[in-house]
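Below you'll find the structure I mean.
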Amino acid sequence: MGNSKEKIPLQRIDPFLWRIPASYQEGMRVPGVVYADDELIQQILDDNALQQVANVATLPGIVGYSLGMPDIHWGYGFPVGGVAATDAETGVVSPGGIGFDINCGVRLMATELVRDQIRGQVEKLADALFKALPSGVGGAGMRELTTHEMRDVMVQGAAWAVEDGYGFEEDLEVTEEHGCLAGADPDKVSPMAMQRGRKQLGSLGSGNHFAEVQYVEHIYDQAAAEAMGIGQVGQIVVTIHCGSRGFGHQIAEDYIKLAEVKQAGYGFKLVDRQLACLPLQSDEGKAYLAAMACGANFAWANRQLLMHGVRLAFSSVFGRKARAKEMPLVYDVCHNIAKIEEYEVDGQKRWVCVHRKGATRAFPPQHPALPERYRSIGQPVLIPGDMGRYSFVLAGAQGSMEQSFGSCCHGAGRRQSRTAAKKSISPRDLLDQLAARGVTIRVHSKSLLTEEAPTAYKDAQKIVDVVHNAGLAQLVVRLKPVIVVKG
DNA sequence: ATGTAC
């Protein structure tokens with residue numbers, strides 16, 4: 001039960017798909033399903049994350065399957081790399097199924113520059129980026145907000161930032177949800193969360209968050225790459241990975257506590273207290289979704305400010321070859337969120353609350369939520385790897401609608417804990433290793449950097465190959481790191 | 001992820 005280490009009875013469905021039968025554990029309402037190849041499934045078994053997939057399958061109102069992506073690993077209650085859909089009428093929302101960093105996500109910008117044009121300017125660009133992008137644990141951001149402005153950010157998201165001079169209307173068209181989740185209500189957010197958030201807009205934070213200058217190293221799908229404006233081998237692009245900082249974290253903490261307090265009254269039988277949840281149709285469930293939307297909107301505004309900082313840094317080094325208009329946003333995705341969406345489940349259309357925790361939306365071609373520009377190729381799916389190897393861009397595919405509630409993986413996935421990673425390599429050795437690979441780095445804390453060593457992560461190539469082969473998303477390009485800026 | 005634990 002719960003957190004035991006007993007052997008999970010995995011059934012192999014095909015080379016990339018495994019199933020945990022609902023008979024495995026008392027209370028499972030649906031089977032578990034995990035995407036992995038032979039090597040990844042071994043890593044996943046070692047981590048015990050499959051027990052969490054089985055635990056999530058007991059959630060009240062869960063439909064279809066409890067899903068695990070190939071980058072799955074142990075998390076708070078729910079695994080990171082997990083997807084769960086609950087019936088919108090009779091089901092629950094669980095804050096642990098969204099994660100502490102509400103709307104942690106990724107945005108990718110293109111440039112008109114190629115590798116040869118930045119040679120000799122790399123150190124200068126790295127300094128400019130590090131200066132332009134505030135970072136570090138608890139670090140303040142580019143823009144301190146008044147309480148009134150903070151409320152506007154919570155409701156308007158990325159559009160607030162554009163209106164305040166950080167970017168363009170065009171940026172919003174290629175941001176998931178146009179950078180604003182509906183239903184945000186600042187009155188459902190605690191004063192403590194507001195206080196933490198007011199100082200942090202436009203900051204990278206720490207942990208696995210970063211800004212990275214990369215080049216297009218390999219193109220899998222030329223037509224899709226061109227549609228995204230990243231169709232030239234050697235082309236320079238920039239990835240930003242960040243979320244809602246202390247603001248979203250405080251919202252998550254507040255509502256996890258509320259859910260724990262309320263749990264006894266609901267009478268659910270939960271196999272793990274970290275699955276604490278709120279009925280979607282209860283006042284508390286609605287309040288969480290309204291507060292979560294505030295966190296999500298703050299994160300979109302945050303990435304919009306950070307992107308502005310990147311554009312300023314590039315233009316300070318390259319002048320008119322890297323003006324803001326010459327650095328278009330390709331797309332912005334979130335990978336820690338819950339969304340109300342409609343899917344066909346067991347032959348019936350149903351509205352469900354899709355929990356994506358370390359999972360990226362991957363809508364296929366022709367989906368009405370996609371901007372015109374991406375209608376024929378599918379939604380850009382941005383998958384950062386680790387800082388030493390590579391990252392990937394994919395396009396959402398039809399299989400995601402049929403199999404995974406419009407979702408796929410979100411990154412490389414940890415294979416080592418933070419403490420294990422720290423023990424395995426010294427800051428000096430890691431910096432030497434990255435230099436040897438031609439990666440220039442600027443980092444706020446060298447001791448925290450080792451927690452993010454490439455060896456702490458699974459091989460992202462193997463992860464994306466699985467979702468590609470399973471038909472959830474199609475590979476478009478592979479990116480190699482040039483400059484990494486981190487907390 | 002995170003004012004890196006209550």
Side-chain angles (χ1 to χ4, degrees), chain A residues 49 52 71-82 94-106 133-141 144-145 150 189-201 203-211 240-258 260-261 273-274 276 291-292 294-296 298-300 302-303 306 333-338 355-360 384 386-387 410-414 416-423 427 443-453 456-457 486-487:
Chain A
Q52 293 192 311
D71 52 338
I72 190 174
H73 59 95
W74 187 266
Y76 181 91
F78 290 59
V80 177
S94 176
I98 284 84
F100 279 92
D101 190 4
I102 293 167
N103 189 5
C104 185
V106 186
L133 308 173
S135 64
V137 179
E144 182 162 343
L145 304 170
M150 183 66 194
V189 172
S190 71
M192 174 82 88
M194 295 266 283
Q195 278 311 108
R196 288 180 71 174
R198 279 203 313 114
K199 300 179 184 71
Q200 294 189 321
L201 195 71
S203 65
L204 266 180
S206 185
N208 63 0
H209 290 163
F210 62 83
I240 295 167
H241 175 215
C242 192
S244 50
R245 308 282 287 103
F247 180 60
H249 194 276
Q250 189 64 49
I251 292 170
E253 195 182 312
D254 292 342
Y255 279 90
I256 284 168
K257 273 190 192 135
L258 175 71
E260 280 179 347
V261 168
R273 65 176 293 184
Q274 292 184 354
M292 182 204 74
C294 290
F298 182 91
W300 272 312
N302 188 32
R303 291 197 289 275
L306 290 167
V333 294
C334 48
H335 54 226
N336 275 13
I337 200 139
H355 297 63
R356 296 193 181 97
K357 179 182 186 180
T360 311
D386 62 73
M387 64 176 122
H410 86 307
R414 274 197 173 276
Q416 274 183 327
S417 70
R418 290 182 180 279
T419 40
K422 200 173 252 188
K423 275 183 199 160
V443 63
H444 193 272
S445 161
K446 280 183 191 160
S447 64
L448 288 180
L449 183 69
T450 52
E451 297 182 359
E452 299 299 324
Y457 285 92
K486 288 184 66 64

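Letters A, B, ... are given to chains in the order of the sequence lines, protein chains preceding strands, and every chain is numbered from 1. What's counted below: heavy atoms across the whole structure, side chains too, no hydrogens, waters or symmetry copies.
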Atom-to-atom span, NE2 of H249(A) to C1' of dA5(B) - whole angstrom: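 Whole-Å distance recorded here is 11 Å.
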message: Whole angstroms only, please: what is the CD1-C1' distance between I98(A) and dT2(B)?
response: 18 Å
query: CZ of R418(A) versus P of dT2(B): gap in Å, rounded?
result: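 It works out to 9 Å between those atoms.
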Q250(A) side chain to A193(A) backbone, donor-acceptor under 3.5 Å: no
message: Need one value for S244(A): base, sugar-phosphate or nothing, where a base atom within 4.0 Å counts as base even if backbone is also close, heavy atoms only.
response: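 S244(A): no heavy atom of the nucleic acid under 4.0 Å.
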Under-4.0 Å side-chain N/O to phosphate OP1/OP2 contact, R245(A) with dT2(B):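 Yes, such a contact exists.
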- request: Just jot down the salt bridge (Lys or Arg N to Asp or Glu O under 4.0 Å) partners of D386(A), sequence neighbours excluded, or say none.
  value: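 D386(A) satisfies salt bridge (Lys or Arg N to Asp or Glu O under 4.0 Å) with R389(A) once adjacent residues are dropped.
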message: For a quick check of understanding: with a heavy-atom distance under 4.0 Å over all strands, which category does Q195(A) fall into, base, sugar-phosphate or nothing?
response: nothing
query: For K422(A), what residues pass the salt bridge (Lys or Arg N to Asp or Glu O under 4.0 Å) criterion, not counting sequence neighbours?
result: E451(A)
message: Measure CD/E260(A) against C1'/dC6(B) and give the value in whole Å, please.
response: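 Those two atoms, CD and C1', are 13 Å apart.
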query: If you look at every strand shown and take non-hydrogen atoms under 4.0 Å, does G243(A) touch a base, only sugar-phosphate, or nothing?
result: nothing
Closest-nucleotide ordering on DNA chain B, the 5'-leading residue of K257(A) and K486(A): K486(A)
query: K422(A) NZ to dT4(B) P: how many Å, rounded?
result: 13 Å
- request: Quickly, which of H355(A), M292(A), K357(A) forms a side chain to side chain contact (heavy atoms under 4.5 Å, CB included) with I337(A)? Name it, please.
  value: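 It is M292(A); the other options fail the test.
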field: Euclidean distance, atom CG of residue D101(A) to atom P of dT4(B) [Å, nearest integer]
entry: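 It works out to 15 Å between those atoms.
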- prompt: Quick one: E451(A) CD to dT2(B) C1', roughly how many Å, whole number?
  reply: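 About 12 Å, once rounded to whole Å.
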query: H241(A) has an atom NE2; how far is it from atom C1' of dT2(B), in whole Å?
result: 14 Å
